[in-house]
There are 2 protein chains.
Amino acid sequence: MKETAETGKRTLEEVRDDFIGQWGAFGSQWGISRTMAQIHALLMTGPDSMSTDEVMEKLSISRGNAHTNLKELVSWGLVRITARKGERKEFFEAEKDVWKIFTIILRERQRREIDPALELLRNCQEETKHISGVGAEAFRKQVKELENFVGFARNVGSKVDKLSYGPAMKLAAKLLS
Amino acid sequence: MKETAETGKRTLEEVRDDFIGQWGAFGSQWGISRTMAQIHALLMTGPDSMSTDEVMEKLSISRGNAHTNLKELVSWGLVRITARKGERKEFFEAEKDVWKIFTIILRERQRREIDPALELLRNCQEETKHISGVGAEAFRKQVKELENFVGFARNVGSKVDKLSYGPAMKLAAKLLS
DNA sequence: CTGAACTTTCAGTAATATCTGAAACATATG
DNA sequence: CATATGTTTCAGATATTACTGAAAGTTCAG
């Protein structure tokens, strides 16, 4: 926690760099790479779009790393490519609307994790249908219950995904009351 | 996908081992270690509690690894230590109730990830309160919005945590209608 | 107390995930 | 074209995380 000697106050740049670093650490606790989360934090909290070179510079990372993670963010839909007149370079700007960010991540994780998990659970039941015995019963029962729950969670997720911020808040207000 | 040559059907053990393996892979996409997820899957889908040695044997892992991850599961509250009469060893049994499993994980992640994130967001606002300029405005605005959203999500999570399965289903039914 | 049964720790090793830097590729400009 | 500018790829290097196995620690029965 670097700070100016005199006042005990840190500059915007110091606070922001700190934020970006820690946000990256959070990201890596999830399945997201540290750099991807950092770039997202960088673009999200800045006023302007940035080029690959600016991102490299600001985060002290290699071109390859910057490139790969920027494109990964674009593929998630969390970052868009924009143009600046008179410039040939690509510039990147982040989605800033938190509800949109949330639904994008929700959708992506459903697709990448929930759906395959559901399929696994269904297959396991299908394949052990014909087997009897205490072991098979225990296995099937638990897998069935997991499937019910995961399927249920998936439905809730899909529904929430379709909501926009306002209605979602209203619904939550009801829940929280 | 090993299967018996004659029938095209796999045995319970084959299907279950496959399930455990894949469940472990899902776990490692989250912040959970592969082994921890595998042990949980193993205990959850079996009819009986198991000793450390049985877990080692079934998953072909070392004693140290089995031990560490079993204790980690116990610290999460996903696994309990039980005794068997006439045996000095510790036996481990998993929580099987899916709603309980869900709320345990929810609570643990709130504590480990959401709360620290909220603190970060609050600090960042506090520390940049006094700074002006377009960069500072953009930063503060975005951080504020993130804080609102994360705080909101935390509240919803806490509320859900306190629900039991029945009421939760009812609520969800309303949401899904 | 002594040894057997069991649990815990941890230094070293292995596996995995991530990053770098440079070369290949693509495209626009004069 | 030839060159400059910008993008993409990827083999090798590095960093991070997880695992092993053996030794030390603990507990209990006789």
Side-chain angles (χ1 to χ4, degrees), chain A residues 20-43 49-76 79-93 109 112-113, chain B residues 20-43 49-76 78-93 112-113:
Chain A
I20 292 166
Q22 293 204 231
W23 200 254
F26 284 127
S28 67
Q29 295 198 318
W30 285 62
I32 298 160
S33 99
R34 180 184 312 279
T35 304
M36 187 171 152
Q38 286 184 345
I39 295 179
H40 185 238
L42 176 66
L43 291 175
S49 62
M50 295 175 83
S51 67
T52 304
D53 295 74
E54 288 168 328
V55 171
M56 286 167 61
E57 153 82 13
K58 200 75 181 42
L59 300 179
S60 313
I61 58 177
S62 72
R63 179 172 306 281
N65 193 12
H67 173 80
T68 306
N69 283 289
L70 278 166
K71 286 301 155 92
E72 185 71 3
L73 281 164
V74 169
S75 93
W76 276 64
V79 164
R80 280 179 298 273
I81 299 174
T82 63
R84 275 192 213 169
K85 62 179 180 181
E87 294 262 23
R88 232 171 94 193
K89 269 202 265 287
E90 291 182 324
F91 284 79
F92 299 90
E93 87 185 350
R109 296 191 80 106
R112 299 183 188 213
E113 291 153 27
Chain B
I20 292 167
Q22 293 204 232
W23 202 253
F26 284 127
S28 66
Q29 295 197 318
W30 285 63
I32 297 161
S33 101
R34 181 183 311 279
T35 304
M36 188 171 151
Q38 286 185 345
I39 295 179
H40 184 236
L42 176 65
L43 291 175
S49 61
M50 295 176 84
S51 66
T52 303
D53 294 74
E54 288 168 329
V55 172
M56 286 166 60
E57 154 82 12
K58 201 74 181 37
L59 300 179
S60 312
I61 59 176
S62 73
R63 180 173 304 283
N65 194 13
H67 173 80
T68 306
N69 284 289
L70 278 166
K71 285 302 154 90
E72 184 70 4
L73 281 164
V74 169
S75 93
W76 276 65
L78 290 170
V79 164
R80 280 179 297 274
I81 300 173
T82 62
R84 273 193 213 169
K85 63 178 180 182
E87 293 262 22
R88 232 171 95 193
K89 269 203 264 287
E90 291 182 324
F91 284 79
F92 299 90
E93 88 185 347
R112 298 182 189 214
E113 291 153 28

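All of these numbers come straight from a predicted model, not from anything done at the bench. The analysis underlying the following values was restricted to heavy atoms, covering all of them including side chains, and did not include hydrogens, waters or symmetry mates.
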Nearest-Å distance, CD (B/Glu87) to C1' (D/dT27)? 16 Å

D/dG6 P sits how many Å from A/Glu54 CD, rounded? 12 Å

Length of the CZ-P vector between A/Phe91 and D/dG6, whole Å: 9 Å

Distance, rounded to the nearest Å, where A/Lys89 contributes NZ and D/dA4 contributes C1': 12 Å

Scan A/Arg84, A/Arg80, A/Lys71 and name whichever one has a salt bridge (charged side-chain N to carboxylate O under 4.0 Å, His left out) with A/Glu90. A/Lys71

Protein-nucleotide distance (B/Arg84, atom CZ; C/dA5, atom C1'), rounded to Å: 16 Å

Are B/Phe92 and B/Val55 close enough that some pair of their side-chain heavy atoms sits under 4.5 Å apart? no

Using a cut-off of 4.0 Å between protein heavy atoms and nucleotide atoms, how would you tag nucleotides 15-24 of chain D 5' to 3' with B, S and -? ---SSBB---

Which of D/dA4, C/dT7, D/dT9 is nearest the side chain of A/Arg88? It is D/dA4

Rounded to whole Å, CD of B/Glu90 lies from P of C/dA5 at a distance of 17 Å

Nearest atoms (heavy-atom pairs only) where B/Trp23 meets B/Ala41: CD1-CB, 3.7 Å

Could you report the tightest heavy-atom contact between B/Ala25 and B/Arg34, atom names first, then the distance? CA-NH1, 4.0 Å

Taken to the nearest whole Å, CG/B/Asp53 to P/C/dT7 is 7 Å

If every non-hydrogen atom of A/Ala66 is compared with every non-hydrogen atom of A/Thr52, which pair is closest and at what distance? CB-CG2, 4.0 Å

If I take atom NZ in residue A/Lys71 and atom C1' in nucleotide D/dC10, what distance separates them, rounded to the nearest angstrom? 16 Å

State whether B/His67 places a side-chain N or O below 4.0 Å from either non-bridging phosphate oxygen (OP1 or OP2) of C/dT7. no

For B/Met36 and B/Asn69, work out which heavy atoms get closest and say how close. CB-OD1, 3.5 Å

